[in-house]
Protein chains: 2
Amino acid sequence: MGHGADAKTTATARERLETVGAADVAATLQALATPSRLRILARLQEGPCAATELADAVGMEQSACSHQLRLLRNLGLVTGERRGRSVIYALYDNHVAELLEQALYHVEHLRLGLRDAPAQAPATAAGAR
Amino acid sequence: MGHGADAKTTATARERLETVGAADVAATLQALATPSRLRILARLQEGPCAATELADAVGMEQSACSHQLRLLRNLGLVTGERRGRSVIYALYDNHVAELLEQALYHVEHLRLGLRDAPAQAPATAAGAR
DNA sequence: TGAACACATGAACGGCTCTTCATGTAGTTC
DNA sequence: GAACTACATGAAGAGCCGTTCATGTGTTCA
């Protein structure tokens, strides 16, 4: 209903994590945990692209790129459909685009060493202090 | 200066990625790419916590937890300061909390198989379709 | 000062991941 | 259908990662 965190349905990140499955979350996020795949996704954010062209754009061998594309596909992050003798790859979703975007955003800031606020705990019954 | 993406200073994700350093971005994101660290960060989002208590909360051995904490610390994602004979760990930043939050959010949606929109390219000269 | 607690660190091992090399399959063109 | 292009796949090797075991450092308290 609301936007971010309502008072009622506020599950802790920890609960949500176990609900979805920590291993699954980790697996998905690992798609963003290597330079090669990061480059692939970043290129795809600019628009769909054929496999060979993609490999060329990110500077990796066709085979290596294909392997990673399969991985990304199995994770449901990208799609690939035939078009003539090419296979056009694209980001699956806008969620993927945003995930990449925000990951980049946060890492850019973290890498600058800027400190926003010393990490405040959510508005829990935090009497203990 | 703006907030998210101004029309003028819009660099492609690919450019930003190389600017920050794809390897560095990957390294940081890899902190979210394993169940153990994911649990650690999720627990810390609820508030600061001593090392042993933390290890207990996420169900891992003290040593293993300590190793991962060092890693997270080196990446600048968490802080740890002595307090008596304990060391209290906390998320470094609100950026870290948000990164975790949004990663969770997107993965929750991706895991549901919900498809928002078939990934639209940014407002480029995307006539080809 | 010595014992007990809290945490950090080093070494080592098993497992996973990414790449490369070689080969296989699908589609087009002649 | 033969040759070529575009992509996928399998096997294998090098390197990295996370855990465990054993031990070390710092702190409190009697």
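Order of the sequence lines fixes the chain letters, A, B, ..., with proteins taken first and strands second; residue numbering starts at 1 for each chain.
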Trainee: Is any side-chain heavy atom of A:Val78 closer than 4.5 Å to a side-chain heavy atom of A:Tyr89?
Mentor: yes
Trainee: Partners of A:Thr12 by side-chain contact (heavy atoms from CB on, under 4.5 Å), sequence neighbours excluded?
Mentor: A:Arg14, A:Glu15, B:Glu46
Trainee: Could you tell me how the ring of B:His109 sits relative to the ring of A:His95: parallel (under 30°), tilted (30 to 60°) or perpendicular (over 60°)?
Mentor: tilted
Trainee: Rounded to whole Å, please give me the gap between CG in A:Asn74 and P in D:dA8.
Mentor: 12 Å
Trainee: According to salt bridge (charged side-chain N to carboxylate O under 4.0 Å, His left out), does anything in residues 26-41 of chain B pair up with another residue at least two apart or in another chain? List the pairs.
Mentor: A:Glu18-B:Arg39
Trainee: Where along nucleotides 13-25 of chain D does protein come under 4.0 Å, by heavy atom, of base (B) or sugar-phosphate alone (S), with - for untouched nucleotides?
Mentor: -----SBBBB---
Trainee: May I ask whether B:Leu38 and B:Tyr105 are part of the same hydrophobic cluster, defined by side-chain heavy atoms of I, L, V, M, F, W, Y residues being less than 4.5 angstrom apart, directly or through others?
Mentor: no
Trainee: Taking a hydrophobic cluster as the set of Ile, Leu, Val, Met, Phe, Trp and Tyr residues connected by side-chain heavy atoms closer than 4.5 Å, whether directly or through intermediates, do B:Ile88 and B:Leu41 fall within one such cluster?
Mentor: no
Trainee: Report the distance from atom CG of A:Asp56 to atom P of D:dT5, rounded to the nearest whole Å.
Mentor: 16 Å
Trainee: OP1 or OP2 of C:dA6 sitting under 4.0 Å from any side-chain N/O of B:Tyr89?
Mentor: no
Trainee: Which is true for B:Ser86 with a 4.0 Å heavy-atom rule: it touches a base, it touches only sugar-phosphate, or it touches nothing?
Mentor: sugar-phosphate
Trainee: Could you list, one pair per line, each protein nitrogen or oxygen that sits under 3.5 Å from a nitrogen or oxygen of nucleotides 25-30 of chain C, together with the distance?
Mentor:
none

Trainee: Applying salt bridge (charged side-chain N to carboxylate O under 4.0 Å, His left out) as the test, list every pair that has at least one member in residues 67-78 of chain A; sequence neighbours left out.
Mentor: none
Trainee: Which whole-number value in Å describes the distance from A:Leu29 CG to C:dT17 P?
Mentor: 14 Å
Trainee: Starting at atom CD of B:Glu81, determine the distance to atom C1' of C:dA6, rounded to an integer number of angstrom.
Mentor: 16 Å
Trainee: Taking atom P of D:dT5 as reference, at what distance in whole Å does atom CD of A:Glu53 sit?
Mentor: 17 Å
Trainee: Sequence neighbours left out, cut at 3.5 Å: what donor-acceptor pairs do the side chains of residues 54-67 of chain B make with other protein atoms?
Mentor:
none

